**Student:** 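Below is the structure I would like to discuss, written out as structure tokens.
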Amino acid sequence: MIAWVLWFFMALPLFLLDGWFSGFETLPMPDLTLALCLFMAMHARPASLPGLLVFAGLARTVVLDGDAALHILALGIPVAVLVPVRVVFFRRHVLWQCLAAGFLTLALAKVGALLGRFADGEIASSVSFVDVIWAMLLVPPAAWILRSLPPLSRFRERSE
Amino acid sequence: MIRSGRRLFPVGLYSTLLAAACCLAVPAIPRQVESWLRSLQCLPLRSWNVVLATEGAPSGEGADVQAVREFGHRLGSVARDTGDVHMPADMAGILCRVIAREGRGGGGLPASLLLDRRVRDLVGCQSFVTYGDRLVGFLDLDGRPEDLARVRLLNDRERRRRMTARVRLNDTWQNFVVEPAATRDEFPLRVQTMEDPYSLSQIENSGQVVETVDLGKDPVGAIPAGLRVGRLRVFGYATGSRVVPVQLYVTPEQDPRAISAVIVWRPRQGHPIAPVAVGHARSKVHLLHLPAPKPMRERWFVSSTSGLAIPEGAALVHGRRLVGTVVTTGTGSALAARFGSVGRVWSVTLLPDDPNRAPSDLLVRVRSRDVQGVHLTILAGRLEGESGRLFSGANGRHCPGGLLLGQVSSEPEDLGGLLLRVDSIPAAGLSVLSERRESTP
């Protein structure tokens, strides 16, 4: 229960930190939204996914245009594609995590652009090949940090 | 086996996505719950904002007030100037601001405009509504006296009003009837019942000015002759060097999506006109800059000092200057986006620096924002002049027109837009405007 309360209040600072990171134009910084999605897709308990997604979607409405439902879909659809695949992956193998990070970079941008028409403004920016490469390098370590720290560490699958 | 199946297909996750898709289709039900939860989630921010808040009055307001006054004066004189069209001498024009656009008429464009005057304030006015020498539409005073009046545009299919118009071809006037086109048509108005179909079938090029005809006993009410309805558009198939018309259309001079003010005509001898029915209450707010991920980059958290609810779409102003709008409402606090948020569409009016040029109503989309300023793409409306000051247009009930946005200049032709230079946003002296209807006597 405490973990859920913590996640409810910590989801917003996570996206604010992500926004602060995105302000560094010259330095490549990890995208924490992608790191969260990677955590949900590869490491989170399936039963905890709805709660993680709902609170994350709600927090994302504070920093971006659109309703919570829109952000739940924008974050959830790429995750929902990856979750069934995780059974056949060796989750801890870094190669899968890098590939999943690359997929999430593209998927989040595409799904965001598609859903953006329901919002007044844009909810996703276009990505380049370089962005995908940086995401493949930086997002897995960021996801590792996220899943090592509370409250997300409480939602990891027990088999890990 | 079941456990493996749940891992492969987590029912909770897919149910959540399905529920989210349903909420997207019917957003009214979960919106209140979402607002409460978000207010709860933002409690730490609100406390932080109160701690950091700095009090102060808007600075540099004198120049802005002067600019807004000049805008109001020039807009009023241009809107009332009917040029060569003779309006009845006993009629006076009332400048009415557009609050919102409604419906879908011919050409898929808005069908009516909601004005800032009550029905009972405009009783006795002429049915036709103008802007300069253009006919905009017809006044609709149906409804309760305390309701806001509407202008039914020429392409309104609900109250389909046919009108007689004419076009000059080969030094002769050709009369015809203009009526709303279908919503799927490319143009908002179409031509019917031509006086001389043979002559009109010889038209090869579009662009001729269509103007009103004064009928002796016009069933839709008297309309002065010579008001511009729009420009003729020829729709047909090409045979060699010419186009054989299949249907003639008319495009209005002013795109309905960009109209932000109109003139309603009333007898000079009538009762004194009441002030605008829609006022705006100003409540002070504290602002907290939040870093936001791309493409937003910046978000503002505003908390009202009075603790009152802040409505969605409310204008965030610094004196007479519009700096942003509230995008997500809450009780005592809300989230706002600055004017330059990428992807947003705004109704604006450009007041050219050249005093001989008329203000132009535009519909713009924010294309990008960088160190130079905000880059705007023009979606509708015609640009007059290369530089000037930009003011807000009709952007909803809580965002009044005529607020200063900043100095603007046109971009190179390959970009074809506008560049708005935006000053830094001060932390103190900010207020939120929200609609306040004048009480009915």
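Order of the sequence lines sets the chain letters (A, B, ...), proteins ahead of strands, with each chain counted from 1. Because the structure is predicted, anything quoted here is derived from the model rather than measured.
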**Student:** Answer yes or no: is there an ion pair linking B:R299 with A:D65, defined by an N-O contact shorter than 4.0 Å?
**Tutor:**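 The answer is yes: the pair qualifies as a salt bridge.
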**Student:** At a 4.5 Å cut-off on heavy atoms, which part of A:A47 comes close to chain B: side chain, backbone, both, or neither?
**Tutor:**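 No part of it gets close to chain B.
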**Student:** So what's closer than 4.5 Å to chain A heavy atoms on B:L45: side chain, backbone, both or neither?
**Tutor:**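 Only the side chain of B:L45 comes within 4.5 Å of chain A.
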**Student:** Tell me if the CZ atom of A:R154 is crowded by more than 12 foreign heavy atoms within 6.0 Å.
**Tutor:**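 Not more than 12 within 6.0 Å, no.
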**Student:** Ignoring hydrogens and geometry, is there a side-chain-to-backbone donor-acceptor pair from B:E34 to A:A68 under 3.5 Å?
**Tutor:**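 Checked: pair present.
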**Student:** Locate the shortest heavy-atom distance separating A:G19 from B:P291; write the atom from each residue and the value.
**Tutor:**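 Smallest heavy-atom distance, with atoms named: C-CB, 3.7 Å.
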**Student:** For the interface with chain B, which of A:L53, A:I72, A:L32, A:D31 has the highest count of heavy-atom pairs at distances below 4.5 Å?
**Tutor:**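 Top count of heavy-atom pairs under 4.5 Å with chain B: A:I72.
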**Student:** Which residues in residues 133-145 of chain A have a heavy atom less than 4.5 Å from any heavy atom of chain B?
**Tutor:**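 No residue falls under the 4.5 Å cut-off.
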**Student:** Quick one: which of B:L43, B:L290, B:L335 has the most heavy-atom pairs under 4.5 Å with chain A, could you say?
**Tutor:**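 Heavy-atom pair counts peak at B:L335.
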**Student:** Measuring from atom CG of A:L49 to atom OG of B:S15, what distance do you get when rounded to the nearest 0.5 angstrom?
**Tutor:**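 With rounding to 0.5 Å, CG (A:L49) is 12.0 Å from OG (B:S15).
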**Student:** What closest approach, in Å, do B:L17 and A:L73 show between heavy atoms, and which atom pair accounts for it?
**Tutor:**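 Taking every non-hydrogen atom into account, O-CD2, 3.4 Å.
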**Student:** Taking the side chain as every heavy atom from C-beta outward, state whether B:T16 and A:V54 have any atom pair closer than 4.5 Å.
**Tutor:**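 They are in contact (side-chain heavy atoms under 4.5 Å apart), so the answer is yes.
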**Student:** Hey, could you give me each pair passing side-chain hydrogen bond (donor to acceptor under 3.5 Å, both in side chains) that has a residue in residues 1-24 of chain A? Not counting sequence neighbours.
**Tutor:**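 Output for this query lists A:D18-A:T33.
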**Student:** Going by side-chain contact (heavy atoms from CB on, under 4.5 Å), name the residues that satisfy it together with B:E102, two or more places apart in sequence or in a different chain.
**Tutor:**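 Scan of B:E102 (side-chain contact (heavy atoms from CB on, under 4.5 Å), adjacent residues dropped) gives B:S112, B:L114, B:R150.
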**Student:** side-chain contact (heavy atoms from CB on, under 4.5 Å), that's the test. Do A:F55 and B:L37 meet it? Break it down for me.
**Tutor:** CA-CA 9 Å; A:F55 292 164; B:L37 286 173; 5.8 Å; no
**Student:** Between B:C42 and A:V62, is there a side-chain heavy-atom distance shorter than 4.5 Å?
**Tutor:**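 When only atoms from C-beta onward are counted, B:C42 and A:V62 do touch, with a gap below 4.5 Å.
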**Student:** What heavy-atom pair brings A:F9 and B:L40 nearest, and what distance separates the two atoms?
**Tutor:**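 Of all heavy-atom pairs spanning A:F9 and B:L40, the closest is CE2-O, 3.3 Å.
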**Student:** I need the residue from A:G57, A:P13, A:A69, A:G51 with the largest number of non-hydrogen atom pairs under 4.5 Å to chain B.
**Tutor:**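 The answer is A:A69.
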**Student:** Heavy-atom count check: over 12 atoms from other residues, nucleotides or ligands less than 6.0 Å from A:F24 CZ?
**Tutor:**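 Result for CZ/A:F24: enclosed.
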**Student:** Kindly write out the residues that satisfy side-chain hydrogen bond (donor to acceptor under 3.5 Å, both in side chains) with A:S128, not counting sequence neighbours, or none if the list is empty.
**Tutor:**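 Listed in chain order: A:D131.
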**Student:** Using non-hydrogen atoms and a 4.5 Å limit, figure out which bit of B:L13 sits close to chain A: side chain, backbone, both or neither.
**Tutor:**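 Contact with chain A is through both the backbone and side chain of B:L13.
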**Student:** Is a side-chain donor or acceptor of B:Q41 paired with a backbone partner of A:L12 at a separation under 3.5 angstrom?
**Tutor:**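 Side chain of B:Q41 to backbone of A:L12, a donor-acceptor pair under 3.5 Å: no, none is there.
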**Student:** Can you confirm whether more than 12 heavy atoms, excluding those of A:L27, are under 6.0 Å from its CG atom?
**Tutor:**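 Correct, the count exceeds 12.
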